[in-house]
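What follows is one structure encoded as structure tokens, with my remarks underneath.
First listed ligand is number 1; within each ligand, the first listed atom is number 1.
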Amino acid sequence: MKALNMKLEDKSYDIHIKNGSVQRDLLKRLCITDDHVVLTDQNIHTIYGALFEGYNVIKIPAGEASKNIETYQSVVNQMIAKGITRNGVVIAIGGGVVGDLAGFVAATYMRGIKWVQIPTSLLAMVDSSVGGKVGINLEAGKNLVGAFYQPEAVYIDPEFLQTLPTREFSNGMAEVIKYGLGFDEVLFNKLEHYDKIDVMQDIEDIVKSCCAIKVNLVMVDERDTGIRSLLNFGHTIGHAVEHYYHYEKYLHGEGVAIGMAAMAKIAQEKGNLSMQAFKRVIKLIRKFDLPICLDDDRDKMSIQVVLEAVKVDKKIGHGGITWIALKRIGALEVSKGTLESTLVSFAGGLYANAKL
Ligand code: GLY
């Protein structure tokens with residue numbers, strides 16, 4: 001399969017997508033001298049142990065809690081102890097946490113060294129490994145310290161997904177659905193015709209379709225000041241849900257699924273989506289075991305509280321909010337409203353879906 005090329009003003013690089021492409025000989029080609037580190041997490045290291053033998057490996061504990069300043073400092077100290085120079089390279093093998101942290105280490109170690117991304121989760125393959133957003137979390141919030149720092153290359157091997165836990169696979173499918181629903185009606189139709197199991201047969205093509213959409217947006221708006229924000233479809237409510245439950249109850253994709261379902265309801269009420277199209281959206285989200293609303297009575301009661309959390313989303317400016325609305329299946333539009341009208345609208349979407 002031909003690589004996708006990310007052409008940016010300062011740098012161009014390829015995104016390679018191929019089943020079975022990440023083998024030891026790929027690492028051998030990437031780590032031509034000892035001046036390298038392979039950064040991964042404990043889980044990936046345990047499952048794919050042989051892949052790492054003989055390389056300078058740094059392991060971090062699996063999970064979002066590792067995307068912090070202490071782990072960052074520990075990784076940098078280990079790199080100094082290993083004698084990694086400014087000509088060195090960081091190879092990130094893991095999900096979004098490993099990729100974001102490794103990229104931030106690469107962006108800052110000796111004022112910036114080369115790095116390569118090898119994503120192992122579906123979410124990382126279709127979203128976080130593409131586009132150069134790197135960073136760490138602070139106590140005050142997620143991704144509050146970071147950079148735009150593009151890798152030398154991205155190697156996506158969908159065979160890693162064979163060992164991904166089912167819930168994590170669904171987590172990534174939420175972003176895949178986002179690309180179909182928001183940007184590509186053909187992809188949406190294709191997803192509708194799979195059952196949950198046989199989607200894996202075509203996963204290489206599906207991942208490629210998603211990455212191609214993201215590459216095209218990043219190429220025109222690398223710094224996320226305009227059109228790249230369309231990728232945030234479903235994310236304002238999604239982030240609020242994640243934040244409200246302290247990132248413990250809902251995974252990122254689950255929050256986004258709830259957000260997309262609410263946006264679909266709002267679009268249906270506005271007349272942008274027919275009732276039949278709205279039902280197709282809900283059916284597709286449910287097919288991949290993703291939620292369409294908060295999931296118990298106590299949660300339904302707390303929708304107002306979740307909406308309060310929307311206010312802390314960093315995309316909300318003074319006096320108003322810009323959010324990404326559904327125009328039809330396969331197309332999005334930017335919507336603007338006062339904070340109050342937006343919250344009323346979001347609440348309408350969430351309440352209506354809670355009754356489905
Ligand atoms: N995850 C959204 C972006 O990279 O812009």
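Once rounded to the nearest 0.5 Å, the distance linking OG1 of Thr166 with CE of Met173 reads 13.5 Å.
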Enumerate the pairs of nitrogen or oxygen atoms, one from ligand 1 and one from the protein, separated by less than 3.5 angstrom; state names and distance to 0.1 Å.
| unit_1 | atom_1 | unit_2 | atom_2 | d |
| --- | --- | --- | --- | --- |
| ligand 1 | 1 (N) | Asp127 | OD1 | 3.0 |
| ligand 1 | 1 (N) | Asp127 | OD2 | 3.3 |
| ligand 1 | 4 (O) | Lys214 | NZ | 2.7 |
| ligand 1 | 4 (O) | Arg228 | NH2 | 2.8 |
| ligand 1 | 5 (O) | Lys133 | NZ | 2.9 |
| ligand 1 | 5 (O) | Arg228 | NE | 2.7 |
| ligand 1 | 5 (O) | Arg228 | NH2 | 3.4 |

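Residues Trp115 and Val134 form a side-chain contact, since some pair of their non-hydrogen atoms from C-beta on lies under 4.5 Å apart.
Side-chain N/O atoms of His235 and Glu175 include a donor and acceptor closer than 3.5 Å.
Taking each heavy atom of Val97 and Ser66 in turn, the nearest pair found is CG1-CB, 4.3 Å.
Within the structure, salt bridge (charged side-chain N to carboxylate O under 4.0 Å, His left out) contacts touching residues 100-120 (residues at least two apart or in different chains) are Lys67-Asp100.
Between Arg167 and Glu254 there is a salt bridge, with a side-chain nitrogen of the basic residue lying less than 4.0 Å from a carboxylate oxygen of the acidic one.
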